Protein chains: 2
Amino acid sequence: MKDNNHMPGHLARRFQQIAVAVFLAEVADAGFDLTPVQYAALATIKANPGLDQVTLAGLIAYDRTTITGVIDRLVQKGLAERRPSSRDRRARELEITDEGRRTLRKITPAVESAQRIMLRGLTAKEGEELMRLLRKAIAAGNELSRAPLRDVEV
Amino acid sequence: MKDNNHMPGHLARRFQQIAVAVFLAEVADAGFDLTPVQYAALATIKANPGLDQVTLAGLIAYDRTTITGVIDRLVQKGLAERRPSSRDRRARELEITDEGRRTLRKITPAVESAQRIMLRGLTAKEGEELMRLLRKAIAAGNELSRAPLRDVEV
DNA sequence: GGATATTGCTCAGTATGCTGACTATCAGTA
DNA sequence: TACTGATAGTCAGCATACTGAGCAATATCC
């Protein structure tokens, strides 16, 4: 068997593990209780008011069955609202609340700090290169997961 | 807010998501039902017969509370055994079974294939560079997660 | 030797993520 | 319009991961 350090899958798991831990720690230090997934969902709702859950899922590459619970928790925290759509009675329209907007604003420095910390072992140039290579690998593998990224075609 | 494509945390999640999907698909194609985590645990048990759960967790950077369930499932599938240690009655010694050894041997091509597929968008040189950068970032962030990698000091 | 701290493991609870199934609704078409 | 297929969302079930608590056993220190 190859060394774990030469298995991209193992390295992916470790890096993700650290990224989540850093995010939660920074956000907790700032006095908030929001997971990376909840943050991404909330930021995307703010940027695309009134979008439905499937579109949201496509924009951040979540599985549609995962979204349900994430939104549940955002709603329960009073950060987002879920309304029946008038155009399509199957769909729900998502909106950010004032409280959600305030939270996003206050939490941004912690989120940015977390992104820096998870790259702290790399030079700025290396960090850019890591992100470029991840983007390239992800683009090639996008369709291989159940929840591929879906750009909105308007 | 920054674009998701410039957030290392988001890229980490996406890459990990694809890596797991590819691993499961390749292993299923080969006729097996083993998760990445179960595979890593089993391979590590084989390489370190008789090790206890905490040591195993340290070698592959799992949380100790996660290990319990993983071993449960390996034992239930008949791939590993959990025995009380004679030296320390709190600890359990882990051993791979013949069935586990057979499974590992047969599954190896699928695992290697998965590692190639998750890097298929990159050149060989880029793949190496991605792994180098991930290793470097992980080394710097190792202590930031609850389950840091612990090399065995013999 | 005995109090104290530490360690190995487990468990309860919570949050992703997935598979697969189901309901309600919508869209296209014969 | 009735049929068919696709779509939006939810749910049950399973497998990571984590926090925090607890139990039993071991190590340490006085």
Side-chain angles (χ1 to χ4, degrees), chain A residues 9-10 12-14 16-25 27-28 33-41 51-58 60-77 82-94 144-148 150, chain B residues 9 12-14 16-25 27-28 33-41 51-58 60-74 76-77 82-94 144-148 150:
Chain A
H10 177 78
R13 188 183 68 81
R14 287 284 289 129
Q16 152 78 353
Q17 181 185 44
I18 291 168
V20 171
V22 168
F23 185 101
L24 292 175
V27 166
D33 172 30
L34 212 64
T35 67
V37 165
Q38 288 164 17
Y39 170 80
L51 85 173
D52 64 295
Q53 297 187 189
V54 167
T55 305
L56 170 59
I60 43 188
Y62 289 12
D63 191 274
R64 71 183 193 287
T65 61
T66 302
I67 272 286
T68 300
V70 174
I71 306 281
D72 281 351
R73 286 179 281 278
L74 287 178
V75 168
Q76 206 231 321
K77 289 177 182 176
R82 189 195 250 140
R83 289 200 291 262
S85 164
S86 47
R87 305 180 318 275
D88 185 339
R89 278 186 301 169
R90 293 169 302 179
R92 315 299 170 88
E93 288 176 1
L94 304 173
L144 300 179
S145 77
R146 165 159 151 169
R150 302 276 180 221
Chain B
R13 189 183 67 81
R14 287 283 290 130
Q16 152 78 354
Q17 181 184 44
I18 291 167
V20 171
V22 168
F23 185 101
L24 292 175
V27 166
D33 173 31
L34 212 64
T35 67
V37 166
Q38 288 165 17
Y39 169 79
L51 85 173
D52 63 295
Q53 296 187 189
V54 167
T55 305
L56 171 60
I60 42 188
Y62 289 12
D63 191 274
R64 71 183 191 288
T65 61
T66 301
I67 271 287
T68 299
V70 174
I71 305 281
D72 282 351
R73 286 178 281 278
L74 287 178
Q76 205 232 320
K77 289 177 183 177
R82 187 195 250 139
R83 291 200 291 262
S85 164
S86 48
R87 306 181 316 274
D88 185 338
R89 278 185 302 171
R90 291 169 304 180
R92 316 299 170 88
E93 288 176 1
L94 304 173
L144 300 178
S145 78
R146 166 159 150 169
R150 301 276 181 223

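Fair warning: this is a prediction, and the values are worked out from it, not measured in the lab. Order of the sequence lines fixes the chain letters, A, B, ..., with proteins taken first and strands second; residue numbering starts at 1 for each chain.
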### Query
For dC18(D), does either OP1 or OP2 sit under 4.0 Å from a side-chain N or O belonging to Gln16(A)?
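Answer no for this pair, as no side-chain N or O of Gln16(A) is under 4.0 Å from OP1 or OP2.
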### Message
When you measure from the side-chain N and O atoms of Gln17(B) to the phosphate of dC18(C), is any distance below 4.0 Å, counting only OP1 and OP2?
### Response
yes
[X] [atom1] to [N] [atom2]: how many Å, rounded?
X: Arg13(B); N: dT16(D); atom1: CZ; atom2: P; value: 19 Å
X: Gln38(A); N: dC18(D); atom1: CD; atom2: P; value: 17 Å
X: Leu34(B); N: dA15(D); atom1: CG; atom2: P; value: 11 Å
X: Leu24(B); N: dT16(D); atom1: CG; atom2: C1'; value: 11 Å
X: Arg83(A); N: dG9(D); atom1: CZ; atom2: C1'; value: 18 Å
X: Arg89(A); N: dA27(C); atom1: CZ; atom2: P; value: 11 Å
X: Gln53(A); N: dA24(C); atom1: CD; atom2: P; value: 18 Å
X: Asp33(A); N: dT19(D); atom1: CG; atom2: P; value: 13 Å

Within the 4.0 Å heavy-atom criterion, would you say [X] contacts the bases, only the backbone, or no part of the nucleic acid?
X: Asp88(B); value: sugar-phosphate
X: Asp63(A); value: base
X: Glu93(B); value: nothing

### Query
Near DNA chain D, under 4.0 Å by heavy atom, which residues of residues 64-74 of chain A?
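Listed by number, they are Arg64(A), Thr65(A), Thr68(A).
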Counting only N and O atoms by type, is there a donor-acceptor contact under 3.5 Å from the side chain of [X] to the main-chain atoms of [Y]?
X: Tyr62(A); Y: Val37(A); value: yes
X: Lys77(B); Y: Asp33(B); value: yes
X: Gln53(B); Y: Ile71(B); value: no

### Heavy-atom check, side chain of Leu74(B) versus side chain of Leu94(B), under 4.5 Å
no
### Query
Does Val22(B) reach the side chain of Ser145(A), with side-chain heavy atoms less than 4.5 Å apart?
no
### Message
Which is more 5' along DNA chain D, the nucleotide nearest Gln76(B) or the one nearest Ala61(B)? Just name the residue.
### Response
Gln76(B)
### Task
Between Val20(B) and Asp52(A), name the one whose nearest nucleotide on DNA chain D is closer to the 5' end.
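Upstream on the strand: Asp52(A).
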### Query
Who passes salt bridge (charged side-chain N to carboxylate O under 4.0 Å, His left out) against Arg82(B), sequence neighbours left out?
Asp72(B)
### Message
Test of understanding: with salt bridge (charged side-chain N to carboxylate O under 4.0 Å, His left out), list the residues that count as partners of Arg90(A), not counting sequence neighbours.
### Response
Asp88(A)
### Query
Can you name the side-chain contact (heavy atoms from CB on, under 4.5 Å) partners of Asp63(B), sequence neighbours left out?
Thr65(B), Thr66(B), Arg146(B), Ala147(B)
### Query
Who pairs with Arg73(A) by side-chain contact (heavy atoms from CB on, under 4.5 Å), at least two apart in sequence or on another chain?
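Arg73(A): side-chain contact (heavy atoms from CB on, under 4.5 Å) contacts with Gln38(A), Val70(A).
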### Summary
Quick note, Arg82(A) side chain, CB onward, closest among dT16(C), dC18(D), dT10(D) is dT10(D)
### Between CG on residue Leu144(A) and CD on residue Gln17(B), distance to nearest 0.5 Å
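These two atoms lie 11.0 Å from each other.
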Polar atom pairs between nucleotides 5-7 of chain D and protein, under 3.5 Å, N or O only, would you list them?
unit_1 : atom_1 : unit_2   : atom_2 : d
dT7(D) : O2     : Arg90(A) : NH1    : 2.3

